[in-house]
Amino acid sequence: MKFLNPLAKEGKINKDAHITDRQSIIINCPIERVWELMVNVQQWPEWNHDIKVDKFTTTESEEPFKLQIKGQSIRSTFQKVDPPYTLSWTSKSQLFKAVNVWKLERAGDQTIVSAEESIQGLSAFFFGHQKLHNTLLTWLSRLKMKAEE
């Protein structure tokens, strides 16, 4: 993580990772609403049913938080929290290391959300680009549905 944490702190993924992808969506609500949903990790399972939060303190803490995504245990740490524009974190499990960078852009009464992720490690070969692509699209569409409620 010595290489990945500094990248995430700059709001960047590892472009040389085994798998990378970037997706965007327009959400019909103010940026502040989207930001609140993004930083409230304990409520992620309410809008993304693939996630279970095992441990979380706050985005201001450098303490890792623990998630299960589709049953896989993941340990993550926020690296950049720049309200309401950028949220990035690094993640690791027994089989992979990842960087997630989410950027929000105000567009009048709407918000453009871009999600970018890089995955490296053994599971990257089994996970595949198409699965990462679909995962990002799922996260974004579920965030949109919750934000627009």
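Just so you know, these numbers come straight off a predicted model, no measurement behind them. Each residue takes its place number in the sequence, starting with 1.
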* Structure fact -> K52 meets the side-chain contact (heavy atoms from CB on, under 4.5 Å) criterion, sequence neighbours left out, with D54, Q68
* Asked: Nearest 0.5 Å, what's the NZ-OG1 distance between K9 and T90?
  -> 8.5 Å
Under 3.5 Å, sequence neighbours excluded: what are the donor-acceptor pairs made by side chains of residues 30-37?
from: E32; atom 1: OE2; to: R106; atom 2: NH1; distance (Å): 3.0
from: E32; atom 1: OE2; to: R106; atom 2: NH2; distance (Å): 3.3
from: R33; atom 1: NE; to: A147; atom 2: O; distance (Å): 3.3
from: R33; atom 1: NH2; to: K146; atom 2: O; distance (Å): 2.9

* **side-chain contact (heavy atoms from CB on, under 4.5 Å) against K144, all qualifying residues, sequence neighbours excluded** => I25, I27, N28, E148
* Find the distance between CD (Q79) and CG (N5) and round it off to the nearest 0.5 Å. => 4.0 Å
* With sequence neighbours excluded, tell me which residues meet side-chain contact (heavy atoms from CB on, under 4.5 Å) with H133. => D21, Q23, H129, Q130, L137
* Structure fact -> In this structure, CZ of F96 is separated from CG of L122 (nearest 0.5 Å) by 12.0 Å
* Could I get the full list of side-chain contact (heavy atoms from CB on, under 4.5 Å) partners for I69, not counting sequence neighbours? => I51, L67, I74, W139
* Roughly how far, to the nearest 0.5 Å, is the CZ atom of F3 from the CG atom of N14? -> 4.5 Å
* Structure fact -> Shortest non-hydrogen pair, L136 vs R22, comes out as CD1-N, 4.2 Å
* To do: Could you tell me which non-hydrogen atom of W47 sits nearest to which non-hydrogen atom of R142, and how far apart they are?
  => O-CB, 3.0 Å
* Asked: Does one hydrophobic cluster hold both W89 and Y85, with members joined at side-chain heavy-atom distances below 4.5 Å?
  -> yes
* When rounded to the nearest 0.5 angstrom, what distance separates CH2 in W44 from NE2 in H49? -> 15.0 Å
* Check L104 against V113 and note the closest heavy-atom contact, atom names and distance. => CG-CG2, 4.2 Å
* Structure fact -> Between Q42 and V53, the two heavy atoms sitting closest are CA-CG2, 4.2 Å
* Distance, nearest 0.5 Å, that separates NZ of K80 from CG of N100 -> 15.0 Å
* Taking all non-hydrogen atoms of both residues into account, name the closest pair between L140 and W102 and its distance. => CD2-CZ3, 3.5 Å
* Using 4.0 Å as the upper bound for N to carboxylate O, is an ion pair formed by K103 and E116? -> no
* Asked: Which pairs with one or both residues in residues 82-99 pass salt bridge (charged side-chain N to carboxylate O under 4.0 Å, His left out), sequence neighbours excluded?
  -> none
